[in-house]
Asks: 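Handing you this structure, nothing more for now.
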Amino acid sequence: MMTIEAFSLYIMICVLAPLVGAFTLLFLFVFEKRIDLIEKEKNEIALESELQKALYNQLNQEIQPHFFFNTMNSILSLARLDRKQELIHSIETFSRLLKHKYKTNTTFITIDEELSYVISYLDIQKIRFRERLNYQIIADSSVRQAITLPFLIQTLVENAFKHSFEKKAGKAELKITVSREDSTICIVVSNSLPNEGVQISSDKGIGLSNISKRLELLFPDEEKSVGIIHSVDDTTVKVMFPLVYKKDLKE
């Protein structure tokens, strides 16, 4: 015969069992929903990351035709002037640059690699402008292995030729400085021929707009450390972004 204690325990189990089951199912339902939400957020973050990467790569490719067109223009001018030896040398230089460019396909390169592009470009322009062109490159040894955007310095140099040296007579003096300020890289490109009397537009064209967009994508959380500053007469452009060494990047 069942005792009163055993009967009370039986009744309690009968009452509590459905409640425990219901709470268990509710917990599993909420937990499953939370897992689904986390998975959805993870997928959205991954998708956003892929979209940002795709946009960055698109902008990276966008700048190359701009660079190639300007370089081919320089070579074409030598052909028109019938400067054959200089034309041959410039084509050889350009072919070496192309070979170097298409060896790898990366979203960023070192300052050293970028300067090698710039020197090749300036070598071609030196043939074209002869004694009229002088340039100086000063790069802090501590930043040479830091990363930068492909064609960043190149674009700033091209702008000096496109908007100044090719439009105005006189000595073409170009200076490129790459330095470090605390944890920031500063790249300054200045030229000797100001655009006097010309209203400088806030729209600096595809080149600088491209640089600005790519920097924002590469350093989305570093707004205070990223920027492009122009002088009033447009003879100097300064670009700043966080100092990151290639060796410190995740594979």
Side-chain angles (χ1 to χ4, degrees), residues 63-101 109 111-140 144 148-179 186-201 203-211 228-239:
I63 202 69
Q64 294 177 30
H66 177 66
F67 159 64
F68 293 146
F69 176 78
N70 286 349
T71 304
M72 290 305 298
N73 248 0
S74 299
I75 294 175
L76 182 60
S77 68
L78 293 175
R80 287 171 175 165
L81 294 170
D82 199 27
R83 288 155 59 175
K84 293 182 181 178
Q85 291 303 317
E86 295 165 313
L87 175 62
I88 292 170
H89 179 65
S90 64
I91 291 174
E92 289 174 345
T93 302
F94 189 47
S95 67
R96 287 198 304 271
L97 192 150
L98 290 178
K99 182 179 180 181
H100 184 54
K101 165 61 189 148
I109 58 177
I111 294 291
D112 246 353
E113 291 169 327
E114 173 71 0
L115 287 176
S116 72
Y117 296 150
V118 173
I119 291 171
S120 294
Y121 176 81
L122 288 172
D123 188 21
I124 294 172
Q125 295 288 23
K126 183 68 176 175
I127 295 171
R128 177 186 173 195
F129 283 82
R130 297 189 176 184
E131 292 78 13
R132 185 188 163 204
L133 173 63
N134 286 312
Y135 66 86
Q136 182 182 17
I137 299 176
I138 302 173
D140 191 328
R144 283 186 170 272
T148 185
L149 306 177
F151 294 104
L152 188 154
I153 303 176
Q154 177 70 41
T155 302
L156 304 181
V157 170
E158 283 184 47
N159 281 349
F161 283 92
K162 181 179 178 182
H163 300 297
S164 183
F165 298 155
E166 294 177 359
K167 292 184 176 181
K168 302 188 71 175
K171 200 72 174 176
E173 302 278 353
L174 182 75
K175 184 177 181 180
I176 303 167
T177 304
V178 186
S179 60
C186 296
I187 298 174
V188 179
V189 175
S190 57
N191 64 74
S192 59
L193 299 176
N195 297 329
E196 296 175 359
V198 178
Q199 180 64 40
I200 304 302
S201 170
D203 180 10
K204 296 296 177 179
I206 184 175
L208 297 183
S209 173
N210 183 293
I211 289 174
I228 300 178
I229 302 173
H230 311 267
S231 63
V232 176
D233 58 7
D234 212 25
T235 60
T236 301
V237 181
K238 180 179 181 180
V239 179

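We count residues from 1, following the sequence as given.
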Asks: Can you measure from CG (L76) to CG (L87) and round to the nearest 0.5 angstrom?
Replies: 9.0 Å
Asks: As a quick check of understanding, evaluate side chain to side chain contact (heavy atoms under 4.5 Å, CB included) for I211 and L156, giving each step before the final call.
Replies: CA-CA 10 Å; I211 289 174; L156 304 181; 4.1 Å; yes
Asks: Which residue pairs pass the salt bridge (Lys or Arg N to Asp or Glu O under 4.0 Å) test with at least one member in residues 170-179, sequence neighbours excluded?
Replies: none
Asks: Which distance, rounded to the nearest 0.5 Å, do you find between the CG of D112 and the CZ of R144?
Replies: 5.0 Å
Asks: Do D140 and V178 come within less than 4.5 Å of each other through their side chains, counting heavy atoms only?
Replies: no
Asks: CD1/I124 to CD1/I119 distance, rounded to the nearest 0.5 angstrom?
Replies: 13.0 Å
Asks: Does the side chain of E86 come within less than 4.5 Å of I88's, by heavy atoms?
Replies: no
Asks: With rounding to the nearest 0.5 Å, note down the distance linking OG in S74 to CG in D123.
Replies: 11.5 Å
Asks: Closest approach of N191 and S164, non-hydrogen atoms and distance?
Replies: OD1-OG, 3.4 Å
Asks: Calculate, to the nearest 0.5 Å, the distance between atoms CD1 and OG1 belonging to I229 and T236 respectively.
Replies: 11.0 Å
Asks: Between E114 and L152, is there a donor-acceptor pair closer than 3.5 Å when you use the side chain of the first and the backbone of the second?
Replies: yes
Asks: From M72 CE over to S90 OG, what is the distance, rounded to the nearest 0.5 angstrom?
Replies: 9.0 Å
Asks: Is there side-chain contact between I111 and I187, with at least one heavy-atom pair below 4.5 Å?
Replies: yes
Asks: Evaluate the side-chain proximity of T148 to V239: yes if any heavy-atom separation is below 4.5 Å, no if none is.
Replies: no
Asks: Between F161 and Y121, does a ring-ring contact (aromatic ring centres under 6.0 Å, His included) hold up when you go through it step by step?
Replies: CA-CA 11 Å; F161 283 92; Y121 176 81; 5.8 Å; yes
Asks: Looking at I137, I109, L122, which hits side chain to side chain contact (heavy atoms under 4.5 Å, CB included) with L115?
Replies: I137
Asks: Can you name the nearest heavy-atom pair linking R132 to G170, along with the distance?
Replies: NE-O, 2.6 Å
Asks: Apply the test side chain to side chain contact (heavy atoms under 4.5 Å, CB included) to residues F165 and L174: give CA-CA distance (whole Å), side-chain angles for both, the deciding distance (0.1 Å), then the verdict.
Replies: CA-CA 10 Å; F165 298 155; L174 182 75; 4.2 Å; yes
Asks: When you measure from the side chain of K126 to the backbone N and O of L133, does any donor-acceptor pair fall under 3.5 Å?
Replies: yes
Asks: Do the ring planes of F151 and Y117 sit parallel (below 30°), tilted (30 to 60°) or perpendicular (above 60°)?
Replies: parallel
Asks: Could you tell me whether the side chain of I176 reaches within less than 4.5 Å of the side chain of I153, counting heavy atoms only?
Replies: yes
